[in-house]
Amino acid sequence: MKAYSTRGQAPAIPIAEAIAAGLAADGGLYLPEHWPQFKPADFDGAGTLAEIGLRLLQPFFEGGALETALPGICERTLAIDPPLVAFGNKSDFLLELFHGPTAAFKDYAAGFLSGCLSALPRGEKDLTILVATSGDTGAAVAAAFHNLPGFRVAILYPDGRVAPRQAHQLGSFGGNVCALRVDGNFDDCQRLAKTLLADTEFRRRVPLGSANSISLGRLLPQISYYAHAALGHWRNSGTKLNFVIPTGNLGNALACVLARRMGLPIGEIALASNANSVLPEFFAGADYAPRPGIATLANAMDVGAPSNFERLQALYPDPAELRQQLRAEAVSDAQIRAAIARSLAQRGQIICPHTACAAEVLDRLRARGESGDWAVVATAHPAKFPDVVEPLIGRPVPVPASLAAMLARPSHADPLPDAVEALKVALLSNAKPQKPALSAGDG
Ligand SMILES: *Cc1c(COP(=O)(O)O)cnc(C)c1O
């Protein structure tokens, strides 16, 4: 199948090429040309996430450069079935997407993307994945490409502006991963990455790739876990599952919309934003008005201009029709804190600040008399945010084994001034094969 650009000024290209390219040449985002349609019975005999994901994704890749690699990619990168656990009441559930190596849902998408890129032909030189991060993305991308032959990762993060555990995680990989703590904020990091990715002369010396959330190779695999959760629920109960999704750039929630569009038994979809209320305002009837993001307790959702909104608009060009697809609500920091405390006291679950936005929205829906079975999507493990969560619940959050192992490793990040020339020097020295820190990670 081919993919087209949301801006319509770049040619449609095979999906595998769109995954390798990231952004389209006209600055648009790629979308598949059509959406295969499924009935629940089409998944008979498929139970695991990897099996369901393979059936769901196969039509996109048929006849393309990744067709034969797809089963192996699904098996390796969709290996962890996300549990749908009870959330206090009989009709409320928690979809735990945080059981991957860095304890956030981005592990699924980053893993799948790395599987695709390593199965595609590349040049002779290593490809350096350049990623600017405010926390979770950098760790998920680093984990996905760690020690993968032919790849290096350079992470740019704002020094002193990510949670201490997130900073430790970013510097703990070593091997082919280089962490750079930038003297600047997240926007500065993003600007550095964008400037260098646009520098064709430098890219001839150090081949660069990106892995940010607009990549089609990150969007597609995320459809799988919504299909897996909804099918499991359908098989148990014969009813559709509704979802509340913590939302920033809209990548995760868009995948749920797509799963429903492909025929999976999904009912309503509600977006939970933090105090960045651009989406709640749009879905309440206002014009779409992107703006700078503001800092909140749910920092991975501090987005004022959600990048995937452009895809939603391309899928539903009529705003009235688009508003029928979703609803959205904003959640303040005070409400996040209250929801974390309430979730443990009333539902017996410890949740992270992002998940708390969705839990708060579910409570509002129930208070208004909303019926049906609803799943709150848990996007990160609460142990990543002990500074916020522990004072609210009055006890330590148990740390999952993979996160504990990462936190036990030494961590190192090089300081970087906010200057493109300095980044070039760092990447050139990182690209030298004889660098001892790199050979330590070989094999
Ligand atoms: C990235 C992230 C989000 C936001 O997901 P989007 O796809 O950008 O909407 C929510 N929660 C956590 C923990 C995240 O890391």
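Read the numbers this way: they start at 1 and go in the same order the structure lists the ligands and their atoms. Please read all numbers here as calculations on a predicted model, not as lab measurements.
Taking atom 4 (C) of ligand 1 as the reference point, the nearest protein heavy-atom neighbour is G248 N, 3.7 Å. Scanning all protein heavy atoms for the shortest distance to atom 8 (O) of ligand 1 gives N249 N, 2.8 Å. Distance from atom 7 (O) of ligand 1 to its nearest protein heavy atom, with residue and atom name: N252 N, 2.9 Å. For atom 3 (C) of ligand 1, the closest non-hydrogen atom of the protein is F105 CE2, 3.6 Å. Of the protein's heavy atoms, T379 OG1, 3.4 Å lies nearest to atom 12 (C) of ligand 1.
Ligand 1 lies out of reach of F98, whose nearest heavy atom is not under 4.0 Å from it.
Those atoms of ligand 1 that come under 4.0 Å of a heavy atom in M301, given as number and element, are 3 (C), 4 (C), 10 (C). Ligand-side atoms of ligand 1 in range of G251: 6 (P), 7 (O), 9 (O), range being under 4.0 angstrom from any heavy atom. Those atoms of ligand 1 with a heavy atom of K106 less than 4.0 angstrom away are 1 (C), 2 (C), 3 (C), 14 (C), 15 (O).
For H354, no nitrogen or oxygen atom sits less than 3.5 Å from a nitrogen or oxygen atom of ligand 1, counting backbone and side chain alike. The shortest N or O to N or O distance between A300 and ligand 1 is not below 3.5 Å.
Under the 6.0 Å distance and 45° angle rule, R327 does not count as a cation-pi partner of F283. Judged by a 6.0 Å distance limit and a 45° cone about the ring axis, R323 is positioned over the six-membered ring of F282.
Between F43 and F38, the ring planes lie tilted relative to each other; the angle falls in the 30° to 60° range. A tilted orientation is assigned to the rings of F145 and F151, their planes being inclined by 30° to 60°.
Listed for the R260 side chain is a donor-acceptor partner under 3.5 Å among the backbone atoms of G267. Between the side chain of D302 and the backbone N or O of T296, at least one donor-acceptor pair lies under 3.5 Å.
We find that K240 and E268 are not joined by a salt bridge, their nearest charged nitrogen and carboxylate oxygen being 4.0 Å or further apart. A salt bridge does not link R165 with D387: every distance from a Lys NZ or Arg NE/NH1/NH2 to an Asp or Glu carboxylate oxygen is 4.0 Å or more.
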